[in-house]
Amino acid sequence: MEANQHLVIISLDSLGFRDLREHREELPILNSLIAGGTWVKSVTGIYPTLTYPSHTTIITGQYPNVHGIINNTKIQPKRNSPDWYWYQKDVKSPTLYDLAHQKQMTTAAFLWPVTAGSKITYNLAEIFPNRIWTNQVLVSLKASSPLFLLKMNHKYGHLRNGIKQPQLDDFITASAVDTLTNQQPNLTMIHLVDMDSMRHRYGVRSPEAMAALHRLDQRVGEIIEATKQAGTFADTNFVILGDHYQINVDKMIHLNTLFAQEGWLTKRPDQTIEDDWSVLAKTTDGSSYIYTKNFTDNLRLRELVSSVEGIETVISGQEASERGADADCTLMVEAKEGYYFTDESNRPQIVEEVDPATLGEPDRYHGVHGYDPTKPDYQTTIVFNGPAVKAGETIDSANLVDEAPTFARLLGLQFDNPLAGKYLDGIFKGVTDEI
Ligand SMILES: [Zn+2]
């Protein structure tokens with residue numbers, strides 16, 4: 001394999017297999033990448049199918065119970081807006097970007113989750129203000145490559161409007177194009193969130209979500225064009241992937257409201273919870289962890305939870321761990337399609353319809369993810385294209401954990417530690433003993 005290899009990974013948040021199966025003809029850039037590359041159609045995600053755990057799997061090849069990012073947010077029941085797992089220090093497994101860094105490769109990341117405080121050469125870390133005394137630039141400065149962030153903000157900050165879409169993706173795309181053109185990093189990881197935001201707000205297959213998909217197709221085109229400007233196109237492999245899909249919802253399940261009624265936790269007027277809880281639900285949207293402290297009545301807990309409308313399955317912490325989720329939970333519950341979980345402790349009912357007038361407010365959604373990755377037609381997808389990749393090939397299925405070892409191989413690298421996934425041999429052109 002060539003020295004000076006380049007890899008560009010573009011994550012289109014919430015891109016599903018169904019999107020490309022049904023819409024590829026309308027997406028000129030993605031369609032040409034599929035035609036000239038290898039499309040792995042159905043990719044089974046990890047449990048829970050959330051953005052931060054999934055993106056960490058994508059670059060470690062491990063399940064959440066091993067890499068440590070078992071949810072988007074931390075357990076902070078007294079806070080309405082808990083901290084997200086922003087910092088790499090919470091990742092317990094070796095990452096693709098550290099592997100590249102160790103081999104003296106340059107790396108760049110644009111809103112890639114859980115990379116704050118990392119050694120990525122050019123990093124705009126995803127981190128947003130959730131405390132009233134912070135603002136976007138201040139928290140990002142602490143977490144990103146400071147000079148790089150200042151430079152990108154100076155050049156392209158006018159494109160951005162806080163974290164609103166599609167302006168945030170405009171800013172990210174412009175910053176990535178600039179960096180690919182001027183710095184030619186060996187490894188570039190870009191996370192575009194436009195379509196995921198539209199799906200949460202307007203529904204999975206809404207006109208707004210479909211418009212976002214078309215915008216993303218154009219952005220992928222701009223990013224590829226930047227490598228042509230930089231003279232790196234000929235030795236760049238491209239990967240376009242999704243992290244999970246979404247499912248439409250219209251009803252919420254408030255397990256902590258139920259646990260408050262049972263006297264297992266103390267509710268607070270603003271829907272948060274005192275620290276003295278003995279049973280606590282911690283949502284992952286389509287599913288929910290249930291944690292216990294000094295609590296012995298697990299049988300009654302399981303029975304109670306199983307009787308709630310909209311709950312599809314209840315599994316033990318042991319079973320959750322076997323499926324790659326948090327081993328420390330007591331139970332993990334899965335919602336039926338159409339339902340999702342909140343952490344709210346003080347609602348009038350346990351199961352409540354989402355009032356359409358509240359859509360866009362915190363925790364009020366038209367579409368969510370976080371479900372069991374094997375739910376019907378809920379899989380994501382991945383497209384490979386470039387000099388190392390077979391043209392005109394399709395592979396029916398793979399797992400999200402297979403992506404990191406495949407990316408390492410595209411860069412001529414190999415993880416030293418054993419991974420849950422294995423590289424997708426079928427995408428590679430030529431003989432396998434080249435590296
Ligand atoms: Zn996502």
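Numbers for residues simply follow the sequence, beginning at 1.
- Taking CD of Gln88 as the start and CD1 of Ile120 as the end, the distance is 7.0 Å to the nearest 0.5 Å.
- With contacts defined as side-chain heavy-atom distances shorter than 4.5 Å, the pair Tyr52/Leu50 does not qualify.
- One side chain, Ser287 or Thr284, offers a donor N or O that lies under 3.5 Å from an acceptor on the other.
- Annotation: cation-pi pair Lys293/Trp277 present, NZ/CZ under 6.0 Å from the ring centroid and within 45° of its normal.
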Are Leu147 and Leu149 close enough, and set up right, to give a side-chain contact (heavy atoms from CB on, under 4.5 Å), and what steps lead you there?
CA-CA 5 Å; Leu147 288 175; Leu149 174 69; over 6 Å; no
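- A salt bridge does not link Asp19 to Arg24: none of the charged nitrogens lies less than 4.0 Å from a carboxylate oxygen.
- Considering CE of Met152 and CD1 of Ile172, their distance stands at 10.5 Å, rounded to 0.5 Å.
- The existence of a salt bridge linking Lys74 and Asp90 is confirmed by a sub-4.0 Å separation between a basic side-chain nitrogen and an acidic carboxylate oxygen.
- Relative ring orientation between Tyr423 and Phe428 is described as perpendicular, the plane-to-plane angle rising above 60° on a 0-90° scale split at 30° and 60°.
- In this structure, Arg201 forms no cation-pi arrangement with Tyr365, as its terminal cationic atom is not both closer than 6.0 Å to the ring centre and no more than 45° off the ring axis.
- Side-chain contact of Thr60 with Lys92: a donor-acceptor pair under 3.5 Å is absent, judged by distance alone.
- Side-chain contact check for Asn80 and Gln271: no donor-acceptor pair (N or O, by modelled atom type) lies under 3.5 Å.
- A side-chain donor-acceptor contact under 3.5 Å links Asn123 to the backbone of Thr115.
- Atoms OG1 and CG, on Thr236 and Leu410 in that order, are 11.5 Å from each other to the nearest 0.5 Å.
- Counting heavy atoms of neighbouring residues, nucleotides and ligands inside a 6.0 Å radius, atom CD of Glu361 exceeds 12 of them.
- For the pair His244/Thr380, no side-chain contact is recorded, criterion being any heavy-atom separation below 4.5 Å from C-beta on.
- One finds the CD atom of Gln218 at 9.5 Å from the CG atom of Leu216 (value rounded to the nearest 0.5 Å).
- For the pair Lys78 and Asp275, the salt-bridge criterion is met [side-chain N within less than 4.0 Å of a carboxylate O].
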Under the criterion side-chain contact (heavy atoms from CB on, under 4.5 Å), I'd like the reasoning laid out for Tyr340 against Thr342: C-alpha separation, chi angles, the key distance, then a yes or no.
CA-CA 7 Å; Tyr340 71 101; Thr342 82; 4.2 Å; yes
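- The aromatic ring centroids of Tyr85 and Tyr87 lie 6.0 Å or more from each other.
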Verdict with supporting geometry, Ile427 and Glu393, side-chain contact (heavy atoms from CB on, under 4.5 Å)
CA-CA 8 Å; Ile427 74 152; Glu393 197 75 29; over 6 Å; no
Evaluate the salt bridge (charged side-chain N to carboxylate O under 4.0 Å, His left out) criterion for residues Arg199 and Asp194: first the C-alpha distance (whole Å), next the side-chain angles of each, then the deciding distance (0.1 Å), finally the verdict.
CA-CA 9 Å; Arg199 290 189 151 150; Asp194 188 359; over 6 Å; no
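- Side chains of His55 and Ser11: a donor on one and an acceptor on the other come within 3.5 Å.
- A salt bridge between Lys267 and Glu274 is absent, with no side-chain N of the basic residue lying under 4.0 Å from a carboxylate O of the acidic one.
- A donor and an acceptor atom, one from each side chain of Tyr371 and Glu334, are nowhere located under 3.5 Å apart.
- With hydrogens and angles left out, the side-chain atoms of Thr49 and Tyr378 include a donor and acceptor closer than 3.5 Å.
- Heavy atoms of other residues, nucleotides or ligands lying less than 6.0 angstrom from NZ of Lys89 number more than 12.
- The pair Arg347-Glu344 counts as a salt bridge, with a side-chain nitrogen and a carboxylate oxygen less than 4.0 angstrom apart.
- Judged by distance alone, the side chains of Gln165 and Asp169 do bring a donor and an acceptor atom under 3.5 Å apart.
- Checked by atom type, the side-chain pair Asp13/His191 shows a donor-acceptor distance below 3.5 Å.
- Ion pairing between Arg215 and Asp170 fails under the 4.0 Å rule for side-chain N and carboxylate O.
- Distance alone, capped at 3.5 Å, is enough to place a donor-acceptor pair between the Asn186 side chain and the Thr106 backbone.
- Residues Thr73 and Asn71 bring no donor and acceptor atom of their side chains to less than 3.5 Å of each other.
- With hydrogens and angles left out, the side-chain atoms of Gln184 and His6 include no donor and acceptor closer than 3.5 Å.
- No donor-acceptor contact under 3.5 angstrom links the side chains of Ser321 and Gln318, judged on distance only.
- Seen from the ring of Phe233, Lys228 counts as a face-on cation partner, given the 6.0 Å and 45° thresholds.
- We find the CG-OH distance between Asp372 and Tyr47 to be 5.5 Å, quoted to the nearest 0.5 Å.
- Between the side chains of Ser42 and Ser397, no donor-acceptor pair is found at a separation under 3.5 Å.
- When each of Gln349, Lys336, Lys251 is tested with Glu309 by the rule side chain to side chain donor-acceptor pair (under 3.5 Å), just one qualifies, namely Lys251.
- Taking the centre of each ring, His214 and His23 stay at or above the 6.0 Å mark.
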